[in-house]
**Q** 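Okay, handing you the structure first.
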Amino acid sequence: MDEYRKLKALIAKMSGVVVAYSGGVDSTLLAKAATDALGNTRAVCVLIDSCLVPTIEIEEAVTRAEELGLNLMRLNVDVLSVDEVARNEPDRCYHCKKVLFSKMIEIARERGLPYVLDGSNVDDEGDYRPGSKALEELAVRSPFKELGFTKDQVREISRKLGLPTWNKPSYACLASRVPYGTILTEETLEKIEQAENVLRKLGFSQVRVRHHGNLARIEILPEDMHRLNDPATRERVVRAFEELGYVYVTLDLAGYQMGSLNKTLRT
C-alpha cells in the first residue's frame, strides 16, 4: 500500500514523536503508523481526558490503544480553568489547542522526542478552525496534510489495514455544540453528552445536539430522520431530553452539518 508506506517513511525520518491521539479515524491511523515506523519507545500517544470529551470516547480510545499495542499516556486537563476557553468566544479553539499541545510539547521534550504530530488532513482546511493557528505557532506537524491526504484517503487506508475506526462517524469536542458567547460549564457539557447518548443508544450514529439554553437542536443524517419521526421514538427522545432539563426539543431539517454553529460567523 503505497500511501501507507509514504506515511510511515515520513514519520520514520522524524526519529521520535508524540502523537495527539483521540481514538478517531485520523488519530488512530496516525498512531498506528507512528508505532509501526518508530516502535513503542519512540512513538508516544497522548490521550487528553477532559470535560470536552465524552466518557464513551475516552473509553473507546483506551480500548483501541490496547488492541493496537500503542504506548498510551492519558493526560487529565482542566480546560475550563482557562478563561479564554470557558468564555467560548470564536477563538476558543485556538486557546484550547495552545494549552493542550503545549503540554504535549513538554512531554516530548522530557522524553527526548523531536516532534509532536496531529491528525489534521487537507479537508480540515475547508472549515473555520482557529486551532490550526495554534498548531502552526507551536510547530506541530500534520503528516496527512504534508502528504496531501484527504479524509476519504485516511478512511480507505484505515479500511485496508483493517482498523475498526475506518468508518467511524466524525467527531468534534462537546464545546462545538454550544453557540459562541455562551459560557461553557461542566454541567452544560454533561447534559449535551447525556442527550447525545440517548440518540446513540437508539441507533443514530452521526449525531449532534446543539445546545441553545433550554432548547436542544438535534442534527442527524437526513436519511435517519424518518426513524426519529416514528411516534414511539420521538416520544422517547422528548421525554429523555425533558428529564435532562430541556424545555424544547427540535429537529434541524437541514440534517447533520459539520461546524454548523460557524454559520453565525459567516453572516
Side-chain angles (χ1 to χ4, degrees), residues 1-50 52-53 57-58 61-62 64-77 79 82 93-125 127 129-151 153-155 157-158 161 163 165 171-173:
M1 197 187 320
D2 288 343
E3 291 175 323
Y4 191 57
R5 281 197 292 270
K6 289 178 182 177
L7 178 61
K8 288 193 296 181
L10 175 63
I11 296 173
K13 292 177 183 177
M14 300 179 191
S15 76
V17 300
V18 164
V19 178
Y21 171 73
S22 68
V25 181
D26 301 301
S27 71
T28 298
L29 176 59
L30 185 61
K32 175 174 172 53
T35 302
D36 286 351
L38 297 169
N40 261 331
T41 57
R42 302 299 294 171
V44 176
C45 302
V46 175
L47 173 65
I48 299 297
D49 191 342
S50 81
L52 297 183
V53 186
E57 290 290 328
I58 295 293
V62 171
R64 194 73 60 230
E66 292 173 351
E67 293 172 349
L68 295 174
L70 305 181
N71 182 357
L72 183 67
M73 179 177 180
R74 189 165 168 175
L75 185 63
N76 288 282
V77 183
V79 288
V82 181
C93 192
Y94 167 82
H95 297 287
C96 188
K97 294 285 190 185
K98 193 86 176 213
V99 169
L100 298 181
F101 278 87
S102 292
K103 291 183 179 296
M104 293 186 208
I105 288 172
E106 291 177 12
I107 292 170
R109 286 174 178 164
E110 290 171 358
R111 302 192 176 209
L113 305 173
Y115 296 100
V116 173
L117 310 183
D118 102 298
S120 298
N121 60 71
V122 295
D123 289 340
D124 292 326
E125 298 172 352
D127 190 22
R129 292 179 182 268
S132 297
K133 180 182 177 183
L135 301 189
E136 291 174 8
E137 291 175 356
L138 294 171
V140 173
R141 294 185 65 173
S142 303
F144 296 148
K145 281 188 176 181
E146 292 180 27
L147 293 170
F149 287 3
T150 64
K151 186 75 170 188
Q153 285 177 293
V154 171
R155 288 189 183 278
I157 296 169
S158 299
L161 289 172
L163 295 178
T165 49
Y171 173 76
C173 84

**Q** In chain order, what residues pass the side-chain contact (heavy atoms from CB on, under 4.5 Å) check against E106, with sequence neighbours excluded?
**A**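 Partners of E106 by the side-chain contact (heavy atoms from CB on, under 4.5 Å) criterion come out as none, since no residue qualifies.
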**Q** Return the set of residues passing side chain to side chain donor-acceptor pair (under 3.5 Å) with D2 (not counting sequence neighbours), or none when no residue passes.
**A**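 Side chain to side chain donor-acceptor pair (under 3.5 Å) list for D2, sorted by chain: R5.
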**Q** Please round to the nearest 0.5 Å and tell me the distance separating atom SG of C173 and atom CG of L100.
**A**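 Rounded to the nearest 0.5 Å, the SG-CG separation comes out at 9.5 Å.
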**Q** Tabulate below the donor-acceptor pairs under 3.5 Å that side-chain atoms of residues 110-118 make, not counting sequence neighbours, or state none.
**A**
from : atom 1 : to   : atom 2 : distance (Å)
D118 : OD1    : S142 : OG     : 2.3
D118 : OD2    : S120 : N      : 3.3
D118 : OD2    : S120 : OG     : 2.6

**Q** Name all pairs fulfilling the salt bridge (Lys or Arg N to Asp or Glu O under 4.0 Å) condition that reach into residues 41-50, sequence neighbours left out, sorted by first residue then second.
**A**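 Pairs touching residues 41-50 that pass the test: D49-R74.
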**Q** For E66, check side-chain contact (heavy atoms from CB on, under 4.5 Å) against everything at least two apart and list the hits.
**A**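 E66 satisfies side-chain contact (heavy atoms from CB on, under 4.5 Å) with V62 only.
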**Q** What is the minimum heavy-atom distance between G131 and K97, and which atoms define it?
**A**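 For G131 versus K97, the nearest heavy atoms are CA-CG, 3.6 Å.
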**Q** Compare every heavy atom of C96 with every heavy atom of V79, then report the nearest pair and how far apart it is.
**A**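 Result for this residue pair: CG1-SG, 4.2 Å.
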**Q** Of all the heavy-atom pairs spanning C45 and Y21, show the shortest one and how long it is.
**A**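 Of all heavy-atom pairs spanning C45 and Y21, the closest is CB-CB, 3.9 Å.
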**Q** Report the residues that fulfil salt bridge (charged side-chain N to carboxylate O under 4.0 Å, His left out) with E136, sequence neighbours left out, ordered by chain and then residue number.
**A**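 Partners of E136 by the salt bridge (charged side-chain N to carboxylate O under 4.0 Å, His left out) criterion come out as none, since no residue qualifies.
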**Q** Got a second to check how far M104's CE is from L75's CG, nearest 0.5 Å?
**A**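 The distance works out to 7.5 Å.
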**Q** Under the criterion side-chain contact (heavy atoms from CB on, under 4.5 Å), I'd like the reasoning laid out for V53 against S50: C-alpha separation, chi angles, the key distance, then a yes or no.
**A** CA-CA 6 Å; V53 186; S50 81; 4.1 Å; yes
**Q** Please report the interatomic distance CG(L70) to CG(L72), rounded to the nearest 0.5 Å.
**A**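 Rounded to the nearest 0.5 Å, the CG-CG separation comes out at 7.0 Å.
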**Q** Look up atom CG in L147 and atom CG in L10, then write down how far apart they are to the nearest 0.5 Å.
**A**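 Separation between the atoms: 5.0 Å.
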**Q** Does T41 form a side-chain contact (heavy atoms from CB on, under 4.5 Å) with N71? I'd like the steps, not just the answer.
**A** CA-CA 7 Å; T41 57; N71 182 357; 5.9 Å; no
**Q** Do you know the tightest heavy-atom contact between L52 and Y171?
**A**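 Here L52 and Y171 meet closest at O-OH, 3.5 Å.
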**Q** My understanding is that only residues two or more places apart in sequence, or in another chain, count here; which of them pass side chain to side chain donor-acceptor pair (under 3.5 Å) with R155?
**A**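 Listed in chain order: nothing, the list is empty.
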**Q** Which residues pass the side-chain contact (heavy atoms from CB on, under 4.5 Å) test with K133, sequence neighbours left out?
**A**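 Per chain and number, K133 pairs via side-chain contact (heavy atoms from CB on, under 4.5 Å) with Y94, E137.
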**Q** Output side-chain donor-acceptor pairs under 3.5 Å for residues 26-37, partner residues at least two apart or in another chain, one line each.
**A**
from : atom 1 : to   : atom 2 : distance (Å)
D26  : OD1    : N121 : ND2    : 3.2
D26  : OD2    : K151 : NZ     : 2.6
S27  : OG     : S22  : N      : 2.9
S27  : OG     : S22  : OG     : 3.1
S27  : OG     : G23  : N      : 3.2
S27  : OG     : G24  : N      : 3.4
T28  : OG1    : G23  : O      : 3.3
T28  : OG1    : G24  : O      : 2.7
K32  : NZ     : D36  : OD2    : 3.1
T35  : OG1    : A31  : O      : 2.8
D36  : OD2    : Y4   : OH     : 2.6

**Q** Given side-chain contact (heavy atoms from CB on, under 4.5 Å), test S102 with L138 step by step and report yes or no.
**A** CA-CA 7 Å; S102 292; L138 294 171; 3.9 Å; yes
**Q** Is it the case that over 12 heavy atoms from other parts of the model lie below 6.0 angstrom from the NZ atom of K103?
**A**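 Atom NZ in K103 is not packed in, count stays at 12 or less.
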**Q** Just verifying a value: how many Å separate E57 CD and R64 CZ, rounded to the nearest 0.5 Å?
**A**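 So the gap between those two atoms works out to 10.5 Å.
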**Q** Of all heavy-atom pairs between L7 and P143, which one has the smallest distance, and what is that distance?
**A**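 Nearest pair, atom of L7 first, then P143: CD1-CB, 3.8 Å.
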